[in-house]
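Proteins come first, then strands; the chains are lettered A, B, ... in the order of their sequence lines, and each starts at number 1. Just so you know, these numbers come straight off a predicted model, no measurement behind them.
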Amino acid sequence: MKSTRDYDSSLASSILAYAERLVGRSLREALDDLPPTIDFSSNKGGFGTVLERHYFGYEPNSRPEPDFAEAGVELKATPLKHSGSRLISKERLVLGMIDYMTVVTEEWESSSFLKKNSHLLLVFYLHEQGKDPRDFVIKIVRLWEFPPEDLEIIRRDWQTIVAKVKAGQAHELSEGDTLYLGACTKSSDSTTRRRQPFSAEAAKPRAFSLKQSYMNTVAQGSLGMKSVAVDEVVRGRPLEEVVASRFEPYIGKTADEIADIVGLKAKRHAKNFYAVLTNRILGVGDKDKIAEFEKADIQVKTMRLLPSGRPKEDLPFRAFDYCDLVQQDWESSDLRGALDKRFFFVIYQLDRDDAPTLVGTRFWTMPISDIEGPARRCFDETQSRIEEDKADYLPKKSENPVCHVRPHGRDSRDVIPTPTGGLACRKSFWLNGSYIKNQLGL
DNA sequence: GCATGATCATGC
DNA sequence: GCATGATCATGC
């Protein structure tokens, strides 16, 4: 394979050794001859640019070959942030623009993606708001080669993205389409569009990127996680298929029967009963996270259907802060970010006595047209009503086919400030149960 | 029966 | 103590 032939491991090791000297230091500390007048503000990737130019001594470029061409190694600087007591990845890692016109002519094995990104030299630095990037401290340096089970999923992701472009649907790409490798939007303003080869519809510019959730596990390892499908995935079976097959033997059984079989003692009315049951079915400890789901940022949800067939509950998202919400742009909003994920539903049918029977599982991604249509309208409407001091009258379920706004606080006294100076009870966006049911074909 | 409002359980 | 995910209760 070309990508491996082009990799020179001894050269890579010496580059790594040189890079490792950065750990625990900032660029200012590492470089005595750092020019005092670097303008970081003009360039979001300022840290990476300085790292390339002043530490590694080459000009930043966007050539198709890896940055260290002789070693076959691509340099990537990527930020971390604090999350409680630990460090997590601050954002996704962009691995090159998707050229819609040429990517459709490529094969995975010889793809420009693989050629450039098979071996990454990752420099993780701690990003701190308001700090001069020269003072960001480098925390982790590592040479990264994708483990075979991950590379297999990434191969499928790449093919999913390319297939969509081939089908003339580049404008319908969504990060939720794929697991580890996403097609993230990439342009300075949200109105930019590019041609695509098999449709007259212009599409947003997008780049191949490793999801933030994936980067987390690269940075901190898979602590507290357990893989559920390494062997099957390496043999080429899609993760979704493996997961579905794990549930297969339990379909038609009640939750209590399943709990018995998997040795779960917890009561059905414990609020985390279904979450633990899902873990058990997948062969994962009660407190473990499912590694593949963590890396792909898959949202596991239980859906219970009433005897009538309609969903028992709508699906809530995190409560929002009114003042923060009115400041958000739709494109980068929390709501949009929550909607373009991949979901995994475990579906139970309730009988007249409220006993749940497992009827199936589904992976699902919300269609872009629903995100940009009804969901966006709900968001815009919510923003404008809050601004008009009508935080108590936000879009109801009956107003929107896809989502609505409802209380989501400790209790009715759980009120928070609104930008107009008032107080309103804590609320969140909810996906309408009826919408999900239709989407899942139930 | 359904939409809307209210509240609970768990883990960090 | 609170965020987060999940579920219950009420009134039309």
Report summary line: When Asp392(A) and Asn272(A) are each assigned the nearest nucleotide of DNA chain B, the 5'-most assignment goes to Asp392(A)
Query - Pair Glu292(A) + Arg246(A), salt bridge at N-O below 4.0 Å - result: no
Query raised in the report: Does the ring centre of Tyr274(A) sit less than 6.0 Å away from the ring centre of Tyr348(A)?
Result: yes
Query raised in the report: Given the side-chain rings of Phe429(A) and Phe317(A), with only the six-membered ring counted for Trp, is the space between their centroids under 6.0 Å?
Result: no
Query raised in the report: Does Glu372(A) come within less than 4.0 Å of Arg336(A), counting only side-chain N to carboxylate O?
Result: yes
Query raised in the report: Quick check: does any side chain N or O of Arg280(A) sit under 3.5 Å from a backbone N or O of Val262(A), one acting as donor and the other as acceptor?
Result: yes
Query raised in the report: Atom CD in Gln196(A), atom CZ in Arg206(A): separation rounded to 0.5 Å?
Result: 11.0 Å
Query raised in the report: When all nucleic acid strands are considered with a 4.0 Å heavy-atom cut-off, which category describes Tyr274(A): base, sugar-phosphate, or nothing?
Result: sugar-phosphate
Query raised in the report: Can you give the first and last nucleotides of DNA chain C, 5' to 3', that have an atom under 4.0 Å from a heavy atom of chain A?
Result: dT4(C) to dC8(C)
Report summary line: Note: contacts of residues 396-430 of chain A with DNA chain C (heavy atom, under 4.0 Å) are His408(A), Trp430(A)
Query - Check: Asp411(A) side chain, Arg413(A) main-chain N or O, donor-acceptor pair, under 3.5 Å - result: yes
Query raised in the report: Going through the checks in order, is the salt bridge (Lys or Arg N to Asp or Glu O under 4.0 Å) test met by Lys295(A) and Glu149(A)?
Result: CA-CA 12 Å; Lys295(A) 290 192 247 184; Glu149(A) 66 273 22; 5.4 Å; no
